[in-house]
J.: 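Pasting a structure here, questions to come.
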Amino acid sequence: MFKKIAFLIVIATLVLAACQPAAPAATEPPAKKVWTYADMTIGFLQTGSEGGWRAANTASFKESAEQLGLNLKFYDSQNDLAKQVAGFQQFIADPEVDVIAISPLEVTGWEQVLKDAKAAGKPVILSDRRIDGNEDLYVTFVGADFVEEGRKAGTEMCKLLEGSEQKNVWELVGNVGSSPAIDRGKGFRETAEKCGIVVTNSQTGNWSIVEGKQVTEAWLKESKDVQGIFGQNDEMAFGAIEALKEAGLTPAVDVKIISVDATAGAFQAMLDGTLNVTVECNPLIAPQVYEAALAALNGESLPKWIPSIEGVFYSDDPTLKEIAAGRKY
Ligand code: GYE
């Protein structure tokens, strides 16, 4: 009898167990998405199209996006800060955009949109130009050390004006409020003042040949007591060269000229003997921006600054022609 009851209990237990809903299998957290360039859409806010450097920079973004097979949404801010902020908000709201890159027109005014981008889970990469503060609101800055570019230009101007009785220098400045304009000016004074250079005129030429020429013409009407001109980019220096010629002065001889960017036009001016030195600022940084964007989407940690590699080039370099022939921009 006892055996029969025990047997029935065992059967009943087995039946009950079988009827119990299966314990849910330990749920694997969903596999973490590994982003590739093919499934990445990046919204890029360019400053505008203000010259040779910018054209090379824009081409770098469009060409390397194609080569890498990523989806690029390109926004031209037409050098208008309000348009650039509106474009930023557009990319935050755009469900297709995974990550945002921007070349900020000015160093301030970004806190709110950066916060909105963070709230929307969209990483932000600064390209070419930095902003003030807010480091916790963007992933990294890919670009040059503009202060160092200015220092290099100051050091070279000291060499060019060595032994010169007067060392009055005029400075053509980039768009007001932008990091290259602020930092190049700061770096230039840091080294130039060490050899007694005095910046006797400084004004924005908005990165353009036309304005660079107009500003220089106005100064030349006031005085011709100038021994050097520092153009914060090639285009403004080209404008100054034209103005000097029309004023009967010999550029790079009577007045030493240094520019920043090292675009093809600067090499031609050095080969023509109208420009003494150009400090390179590398525009071909898009691959580094895309690499950082992909790393950010994959949750990799990145340094706050990814510097670009740059040099200095001289009109009296015997290999200048070969160097110029090998340049990509
Ligand atoms: O030097 C100038 C351009 O942001 C570094 O912008 C860039 C600067 C460059 O307009 O030519």
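Whatever order the structure lists them in is the order used to number ligands and atoms, beginning at 1.
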J.: Is Asp128 close enough to touch ligand 1? Criterion: a residue heavy atom under 4.0 Å from a ligand atom.
T.: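 Yes.
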J.: Should you measure from each heavy atom of Cys281, which atoms of ligand 1 turn up under 4.0 Å away?
T.: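 This gives 5 (C) as the contact atoms.
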J.: Using the side-chain contact (heavy atoms from CB on, under 4.5 Å) rule, pick out the option among Thr36, Val139, Val99 that qualifies with Leu297.
T.: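 Between Leu297 and the candidates, side-chain contact (heavy atoms from CB on, under 4.5 Å) is satisfied uniquely by Val99.
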J.: Please indicate whether any nitrogen or oxygen in Trp53 is less than 3.5 Å from any nitrogen or oxygen in ligand 1.
T.: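 No; every N/O pair is 3.5 Å or more apart.
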J.: Looking only at protein heavy atoms, identify the closest one to atom 9 (C) of ligand 1 and say how far it is in Å.
T.: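 The closest one turns out to be Asp261 OD1, 3.4 Å.
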J.: Using a 4.5 Å cut-off on heavy atoms from C-beta on, say whether the side chain of Asn233 contacts that of Trp53.
T.: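 Result no, sub-4.5 Å side-chain heavy-atom pair not found.
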J.: Could you check whether any side-chain heavy atom of Val85 comes within less than 4.5 Å of a side-chain heavy atom of Trp110, counting everything from C-beta outward?
T.: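 Of all side-chain heavy-atom pairs linking Trp110 with Val85, at least one is under 4.5 Å.
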J.: Between Met236 and ligand 1, find which residue part has any heavy-atom pair under 4.0 Å and reply side chain, backbone, both or neither.
T.: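 The answer is neither; Met236 stays 4.0 Å or more away.
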J.: So Ile102 and Phe91, do their side chains get closer than 4.5 Å, heavy atoms only?
T.: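 Counting from C-beta outward, Phe91 and Ile102 never come under 4.5 Å.
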J.: Are Gly51 and ligand 1 in contact, using a heavy-atom cut-off of under 4.0 Å?
T.: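 False for this residue.
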J.: Would you mind finding which of Arg129, Glu149, Arg130, Gln232 brings a heavy atom closest to atom 8 (C) of ligand 1?
T.: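 Minimum heavy-atom distance to atom 8 (C) of ligand 1 goes to Arg129.
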J.: Phe141 versus Lys304: any side-chain heavy-atom pair under 4.5 Å?
T.: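 Side-chain contact under 4.5 Å: no.
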J.: Is any side-chain heavy atom of Thr47 less than 4.5 Å from a side-chain heavy atom of Arg54?
T.: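 Yes; the side chains approach each other to less than 4.5 Å.
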J.: Among all protein heavy atoms in this structure, tell me which lies nearest to atom 10 (O) of ligand 1, with the distance rounded to 0.1 Å.
T.: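 In this structure, atom 10 (O) of ligand 1 has Glu50 OE2, 2.5 Å as its nearest protein heavy atom.
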J.: With a cut-off of 4.0 Å, which atoms of ligand 1 are near a heavy atom of Phe146?
T.: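 So the answer, numbered in order with elements, is 5 (C).
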J.: Are any of the side-chain nitrogens in Arg184 or Glu171 under 4.0 Å away from the carboxylate oxygens of its partner?
T.: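 Here Arg184 does not pair with Glu171 in a salt bridge, since their nearest N and O are not under 4.0 Å apart.
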